[in-house]
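This report refers to the structure that appears directly beneath it.
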Amino acid sequence: MQTFSPNIKNDTLSGLTVALALVPEAVAFAFVAGVHPLTGLYAAFMVGLITAVIGGRPGMISGAAGALAVVMVSLVAEAERNLGAGTGPQYLFAAVILMGAIQITAGALKLGKFIRIVPYPVMLGFVNGLAIVIFLAQLPQLQSFTPVGKWGWTEGDWLNGAALFIMLGLIATTMFITHYLPKLTKAIPSALAAILVVSLAAWGLQLDTKTVGDLANIAGGLPQFNVPAIPFTLDTLWFILPYSIIFAAIGLIESLLTVTVIDEMTGTRGRGNKECVAQGTANVVTGFFGGMGGCAMIGQSMINVSSGGRGRLSGIAAALFLLSFILFASPLIEQIPIAALVGVMFMVVIGTFEWSSFRILRKVPKHDAFVLVLVSAVTVVTDLAIAVVVGVIVAALVFAWEHAKHITARTREDEDRKVYDIIGPLFFGSVANFKDLFDPENDPARVYIDFKESRVADHSALEAIDTIAERYLAAGKELHLLHLSEECRGMLKKAGNLCDVNVIEDPKYRMALDELA
């Protein structure tokens, strides 16, 4: 029961706050993806409910996410262009179902653990990049008509004069209440109080400002089960498979990184593989019920946690409140000023962005600072999955480059033999330096290479050892390799019979490969 709801009141009220903020987000992301607003709202409801019930991170909010929407628009547009008008949503639903199946498979194979390889600078870049994306997604609300496009950007008129001042005033009021109310009382989530106060003020003063109803009519019925109306052929599979793989990768990366962020905020630990299965299950279901699919939403999750939501009830409440808005309360919800919701999201941006990263940029190694800035920029310009992959690759290459310098050798020499004591890891990055340590032409007749203070890590390392062995054999020298693991000895080709076996001292470890092929 503790996991389900540590505090029923806080979870329920924070769920209501999240649901109110979900409405314009889901509608806007549906516009971005090129589908009907209800497609985004249904996804927010179903993905949010299922992941809240069976997910691995209580308190995290999932729904129709912008990181997915900006990729989904390509699928919808390609289907409409090549396969006929009106086919885009149907192919999107099919791709979402396949995306869910891929995510379930990833969870079943326990691939969620690989999120641990994401370095901290990449995490900081992810958080900062997503904060910038959330901020940019709010700016088009300052336009005078419903926005569409990648982040809602269109060519058109921006608010000016009285309309602009009213919008900015309501945004500032929302941010003021959200920030300062917790200093007076925590009986009600400050974001919810701010939305209610600003909505009542706008209604009471008859202010002429944009409302949720200006975005779209959110009234609708229950989502209906429907198999996507597409031909079930291999051509269809090859068409949607690349998109589904991209959707699955983006969804899992954003969800698992958000799990990590919420873990740090709450001082608890989520279960990544369980979350992968939950996200996949949610997307399979939403694809069959006319939703655009989704993943974890860091902005909504931040609202939930900062409003006191910690248990599964908070996510369940958010989903059920959202459904009730669609079914019963759309006239009221459509009267909420957009400015109130934008103000809440601006506070999320302020809370999400790691402002300390400016301070530490000069204190951390230059390559870590570069990775941080790079991931933030790529997140904004492209999408999250590409940003994280780029960040991990750059960080790994820098790591390899730095550790390639650490391999050295102590040498001991007497009349007819020389001993090389290898110090440091031998892997693909350090093999060039390793080969430069030896002098087969000038070394004595007997040479010993001792790996007691080293570790052979990969295929490149084995090939380097074999290369050195060939050089000494060609020079007519006697070579002995000491303290290699049994696996290394078995995998070496030329040098395999040159390994001296010491049962007591030889190391036992597995290498980072299955076979040499």
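Position 1 is the first residue of the sequence, and the numbers go up from there.
Between the side chain of T39 and the backbone N or O of M292 there is no donor-acceptor pair closer than 3.5 Å. Side-chain atoms of S307 never come within 3.5 Å of backbone atoms of N304 as a donor-acceptor pair (strictly under, hydrogens ignored). Under the 3.5 Å distance criterion, the side-chain polar atoms of N433 are left unmatched by any main-chain donor or acceptor of S430. At distances below 3.5 Å, not a single donor-acceptor pair connects side-chain atoms of T286 with backbone N or O atoms of A282. Judged by distance alone, with hydrogens and angles left aside, the side-chain atoms of E354 form no donor-acceptor pair with the main-chain N or O of L124 at under 3.5 Å. Distance alone, capped at 3.5 Å, is enough to place a donor-acceptor pair between the N273 side chain and the G112 backbone. The closest donor-acceptor contact from the side chain of R310 to the backbone of V305 lies under 3.5 Å. The closest donor-acceptor contact from the side chain of S255 to the backbone of L252 lies at 3.5 Å or more, if one exists at all.
Contacts of S357 classified as side-chain hydrogen bond (donor to acceptor under 3.5 Å, both in side chains), with partners at least two apart in sequence or in another chain: N128. For T17, there are no side-chain hydrogen bond (donor to acceptor under 3.5 Å, both in side chains) partners, not counting sequence neighbours. Not counting sequence neighbours, the partners of Q103 by the side-chain hydrogen bond (donor to acceptor under 3.5 Å, both in side chains) test are N283. Under the side chain to side chain contact (heavy atoms under 4.5 Å, CB included) criterion, V389 pairs with I393, not counting sequence neighbours. Partners of F239 under the ring pair (Phe, Tyr, Trp, His ring centres under 6.0 Å) rule, at least two apart in sequence or in another chain, are Y91.
The list of ring pair (Phe, Tyr, Trp, His ring centres under 6.0 Å) pairs with a residue in residues 37-78, not counting sequence neighbours, is empty. Applying the side-chain hydrogen bond (donor to acceptor under 3.5 Å, both in side chains) rule to pairs touching residues 234-254 yields E78-Y243, T233-T236, sequence neighbours excluded. Residues in residues 63-72 take part in no side-chain hydrogen bond (donor to acceptor under 3.5 Å, both in side chains) pair, two or more places apart or across chains. Listed by first and then second residue, the ring pair (Phe, Tyr, Trp, His ring centres under 6.0 Å) pairs involving residues 279-318 are F225-F288, F225-F289 (not counting sequence neighbours).
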Between side-chain atoms of residues 336-353 and protein atoms elsewhere (two or more places apart, or another chain), which donor-acceptor pairs fall under 3.5 Å?
| from | atom 1 | to | atom 2 | distance (Å) |
| --- | --- | --- | --- | --- |
| T352 | OG1 | V348 | O | 2.7 |

Can you list, pair by pair, the side-chain donor-acceptor contacts under 3.5 Å of residues 46-61, counting residues two or more places apart and other chains?
| from | atom 1 | to | atom 2 | distance (Å) |
| --- | --- | --- | --- | --- |
| T51 | OG1 | V47 | O | 2.6 |
| T51 | OG1 | G48 | O | 3.3 |
| R57 | NH1 | D263 | OD1 | 2.5 |
| R57 | NH1 | T268 | OG1 | 2.9 |
| R57 | NH2 | T268 | OG1 | 3.0 |

Side-chain donor-acceptor pairs under 3.5 Å in residues 168-179, sequence neighbours left out?
| from | atom 1 | to | atom 2 | distance (Å) |
| --- | --- | --- | --- | --- |
| T173 | OG1 | G169 | O | 2.8 |
| T174 | OG1 | L170 | O | 2.8 |
| T178 | OG1 | T174 | O | 2.7 |

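With rounding to the nearest 0.5 angstrom, the CE atom of M72 is 8.5 Å from the CD1 atom of I250. For the atom pair T260 OG1 and I298 CD1, the distance stands at 10.0 Å (nearest 0.5 Å). Once rounded to the nearest 0.5 Å, the distance linking CG of L372 with CE of M123 reads 11.0 Å.
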